[in-house]
Amino acid sequence: MMTVRFDAIIIGTGQAGPALAARLSETGMKVAVIERKYFGGTCVNTGCIPTKTLVASAYAAHLARRAAEYGVIAGPISVDMKRVKARKDEISGRSNKGVENWMRGLADATVYHGHARFESPRTVRVNGELLEADKIFINVGGRALVPPMPGLDQVPYLTNSSMMDVDFLPEHLIIVGGSYIGLEFGQMYRRFGSNVTIVEKGPRLIPREDEDISKAIHEILEKENIQIRVNAECITARKEGDRIIVGLDCADASREVAGSHVLLAVGRVPNTDDLGLGKAGVETDKSGYIKVDDQLRTNVPGIWALGDCNGKGAFTHTAYNDFEIVASNLLDNRPRSVRDRITAYALYTDPPLGRVGLTERDAQQRGRKILVGKRPMARVSRAIEKGETKGLMKIIVDAGSQEILGAAAKRASG
Ligand SMILES: Cc1cc2nc3c(=O)[nH]c(=O)nc-3n(C[C@H](O)[C@H](O)[C@H](O)COP(=O)(O)OP(=O)(O)OC[C@H]3O[C@@H](n4cnc5c(N)ncnc54)[C@H](O)[C@@H]3O)c2cc1C
């Protein structure tokens with residue numbers, strides 16, 4: 001069979017691949033772009049964009065219920081889940097089409113819709129065709145982790161991907177996992193009208209954050225009547241009639257929750273297990289993340305890994321920043337390193353959490369002498385005026401140099 005020769009092959013059209021394909025194509029390179037499923041990847045189709053449209057619908061429902069507090073008289077509030085989903089599909093679909101059209105419109109680029117697998121360090125097979133290039137960029141992202149929970153194979157469950165097809169209101173949604181994805185879905189479904197229980201293995205929600213931040217989020221969610229069950233060290237599942245029972249403690253059968261639906265939100269796994277990495281000689285760590293250096297080069301010369309699959313970030317902007325780093329080093333002769341990246345992200349509960357730099361705990365672990373400043377939103381005039389006084393702002397400063405090391409704001413938007 002004939003091998004099709006390119007200057008560069010890009011596997012995956014998440015948040016790094018398309019921008020890189022465009023830059024490479026601008027320089028006159030012949031580029032192959034391979035996508036196995038939805039153009040735009042997780043963020044566009046099953047992550048950021050659809051979830052944030054759902055968060056917006058949930059916020060509208062919540063504010064409508066609170067209308068009287070602002071002197072606005074509204075009628076009874078109900079949520080039409082079919083219309084909520086249709087709005088989400090429309091917005092997310094537009095981005096998905098946009099990425100596909102963008103890729104198909106690039107000069108000298110060929111788009112392949114199929115699953116890519118390495119055959120060697122320089123060749124990739126897709127839809128039976130063999131493609132060859134001296135530069136290969138892996139941007140394959142990740143998917144929801146399905147943990148080896150006893151009984152899980154006996155019950156139906158949802159993930160962030162299958163949640164995208166839900167156009168009805170679950171009577172009682174049990175969410176396994178009390179971190180970023182679980183909390184966003186939890187609050188939004190509670191606001192749509194479901195009963196929601198969040199089951200978390202650890203002693204507190206979003207354990208990566210400082211304790212005061214996790215406590216503030218816990219209180220905010222509990223005030224909205226979301227049930228939170230922490231310390232669920234041994235989580236099991238079984239079916240009883242049309243109910244799904246989630247057990248929280250293998251040694252104590254009385255600790256359990258019964259619901260109508262279960263959503264798994266316990267982490268992500270990289271899509272590297274079915275990529276033929278062994279044939280290319282590309283190394284991964286024990287969790288399957290592709291090992292890269294500070295310029296996102298793998299151990300095989302001519303192969304880079306960008307985005308969630310390299311384990312250096314788990315956000316849209318970190319994946320896009322990976323593109324910027326690779327493009328800068330490769331095309332602009334301006335050295336950039338992933339080590340210079342400052343942590344920054346948001347959790348889109350309401351109020352949202354914005355985080356940048358070090359947490360208080362990070363700074364202490366690094367032995368820094370720090371000053372910590374906090375201000376509850378109940379003492380911020382703008383928040384009082386807006387009627388959104390939940391949460392706090394917090395800043396971590398180096399006690400000697402006064403350098404700002406990190407900040408968190410669990411605060412009203414707008
Ligand atoms: C529910 C949820 C909400 C999120 N919300 C936010 C948010 O609000 N803000 C934020 O910054 N981040 C958010 N994220 C994270 C964000 O979506 C990811 O960090 C981002 O999409 C990672 O982009 P990526 O380029 O690494 O890969 P992805 O976007 O995952 O894209 C990888 C692409 O590669 C394709 N692919 C995989 N294997 C192959 C193969 N063998 N051959 C061909 N194609 C292949 C996949 O089909 C996919 O299209 C969220 C994630 C989830 C799950």
Side-chain angles (χ1 to χ4, degrees), residues 9-21 32-56 88 92 95-96 99-100 103 111-118 124-127 131 136-145 158-164 175 177 179-186 188 263-277 280 282 288-290 292 296 304-323 326 343-349 352-355:
I9 298 173
I10 293 181
I11 308 175
T13 62
Q15 293 300 309
L20 188 59
V33 177
I34 313 174
E35 171 53 55
R36 71 173 176 193
K37 208 167 179 192
Y38 303 123
F39 287 87
T42 307
C43 183
V44 164
N45 300 287
T46 58
C48 342
I49 293 183
T51 55
K52 265 78 264 181
T53 69
L54 296 172
V55 163
K88 183 256 308 163
S92 168
S95 290
N96 161 266
V99 174
E100 180 169 3
M103 291 301 99
V111 174
Y112 293 85
H113 206 187
H115 185 104
R117 268 191 199 83
F118 280 92
V124 168
R125 187 174 296 282
V126 56
N127 300 337
L131 320 184
I136 303 182
F137 303 93
I138 307 172
N139 178 219
V140 292
R143 60 183 186 273
L145 167 69
L158 294 153
T159 65
N160 69 290
S161 297
S162 48
M163 281 303 283
M164 297 300 115
I175 300 177
S179 203
Y180 309 90
I181 293 174
L183 300 190
E184 286 185 9
F185 276 112
M188 103 190 33
L263 164 64
L264 296 178
V266 290
R268 312 275 301 161
V269 280
N271 291 324
T272 53
D273 44 348
D274 51 3
L275 197 52
L277 287 178
V282 172
Y289 289 100
I290 297 173
V292 288
L296 310 173
W304 287 255
L306 301 87
D308 285 11
C309 69
N310 66 23
K312 302 263 182 212
F315 300 98
T316 275
H317 48 274
T318 51
Y320 188 81
N321 183 232
D322 283 1
F323 143 68
V326 169
T343 305
Y345 57 84
L347 160 68
Y348 294 90
T349 48
L353 168 69
R355 271 259 302 112

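We count ligands from 1, going down the list as the structure has it; atoms in each ligand are counted the same way.
Contact annotation: the side chain of Arg143 never approaches that of Asn160 to less than 4.5 Å [non-hydrogen atoms, C-beta and beyond]. The shortest side-chain heavy-atom distance between Tyr289 and Thr272 does not fall under the 4.5 Å cut-off. Residues Phe118 and Ile138 are in side-chain contact: their nearest non-hydrogen atoms beyond the backbone lie under 4.5 Å apart. For the pair Thr51/Phe185, a side-chain contact is recorded, criterion being any heavy-atom separation below 4.5 Å from C-beta on. Using a 4.5 Å heavy-atom cutoff, the side chains of Val326 and Phe137 are in contact.
Of all the heavy atoms of Ala144, none lies under 4.0 Å from any atom of ligand 1, so neither backbone nor side chain is involved. The part of Leu275 lying near ligand 1 is the side chain, judged by heavy-atom distances below 4.0 Å.
Between atom 29 (O) of ligand 1 and the options Ile34, Thr42, Val33, the minimum heavy-atom separation is to Thr42.
Atoms of ligand 1 found under 4.0 Å from any heavy atom of Gly41 (numbered from 1 in listed order, with element): 29 (O), 31 (O), 48 (C), 49 (O). Those atoms of ligand 1 with a heavy atom of Tyr38 less than 4.0 angstrom away are 49 (O). Remark: ligand 1 atoms within the under-4.0 Å shell around heavy atoms of His317 are 11 (O). Atoms of ligand 1 lying under 4.0 Å from any heavy atom of Gly142, numbered from 1 in the order shown and given with element: 30 (O). Those atoms of ligand 1 with a heavy atom of Gly307 less than 4.0 angstrom away are 26 (O). Interface atoms of ligand 1 facing Ala314, defined by a heavy-atom separation under 4.0 Å, are 15 (C), 19 (O). Each of the atoms 24 (P), 25 (O), 26 (O), 32 (C), 33 (C), 34 (O) of ligand 1 lies under 4.0 Å from some heavy atom of Asn139. For ligand 1 and Ala16, the ligand atoms under 4.0 Å from any heavy atom of the residue are 25 (O).
For the residue pair Ala144 and Arg268, the shortest heavy atom distance occurs at N-NH1, 3.3 Å. When all heavy atoms are compared, the tightest approach of His113 to Asn127 is O-ND2, 3.0 Å. Taking both residues in full, the closest heavy atoms of Ser92 and Ile49 are given as CA-CG2, 3.9 Å, listed atom of the first, atom of the second, then distance. Between Glu35 and Thr13, the closest heavy-atom pair is OE1-OG1, 2.8 Å.
Considering NZ of Lys37 and CG of Asn45, their distance stands at 9.0 Å, rounded to 0.5 Å. To the nearest 0.5 Å, atom CG of residue Leu306 and atom CG of residue Asn139 are 6.0 Å apart. Atom CG of Leu54 sits about 8.0 Å away from atom CE of Met163, to the nearest 0.5 Å.
The distance criterion of under 3.5 Å between nitrogen or oxygen atoms is met by Cys43 with respect to ligand 1. Backbone and side-chain nitrogen or oxygen atoms of Lys52 are examined, and one is located within less than 3.5 angstrom of a nitrogen or oxygen of ligand 1. Of the polar atoms of Glu35, at least one N or O is found under 3.5 Å from an N or O of ligand 1, judged by distance alone. Residue Thr316 places at least one N or O, backbone or side chain, under 3.5 Å from an N or O of ligand 1. At under 3.5 Å, not a single nitrogen or oxygen of Gly47, backbone or side chain, sits near a nitrogen or oxygen of ligand 1. Below 3.5 Å of separation, one finds no N or O of Thr51 facing any N or O of ligand 1. Checked by distance only, ligand 1 and Asn160 stay at 3.5 Å or farther apart across all their nitrogen or oxygen atoms. Polar contact with ligand 1: absent for Arg268 (N/O pair, distance under 3.5 Å).
Ligand 1 lies less than 4.0 angstrom from a heavy atom belonging to Thr46. In this structure, Glu184 falls outside the shell of residues with a heavy atom less than 4.0 angstrom from ligand 1. Note on ligand 1: Ala265 sits outside its first shell, no heavy atom being nearer than 4.0 Å.
Nearest to atom 40 (C) of ligand 1 among the protein's heavy atoms is Ala116 N, 3.8 Å. Remark: minimum distance from atom 13 (C) of ligand 1 to any protein heavy atom is reached at Cys48 SG, 3.3 Å. Looking from atom 26 (O) of ligand 1 to the surrounding protein, the closest heavy atom is Asp308 N, 2.7 Å.
Taking the six-membered ring wherever Trp is involved, the centroid distance between the rings of Tyr345 and His317 does not fall below 6.0 Å.
No donor-acceptor distance shorter than 3.5 angstrom exists from the side chain of His115 to the backbone of Val126, with no hydrogens or angles considered.
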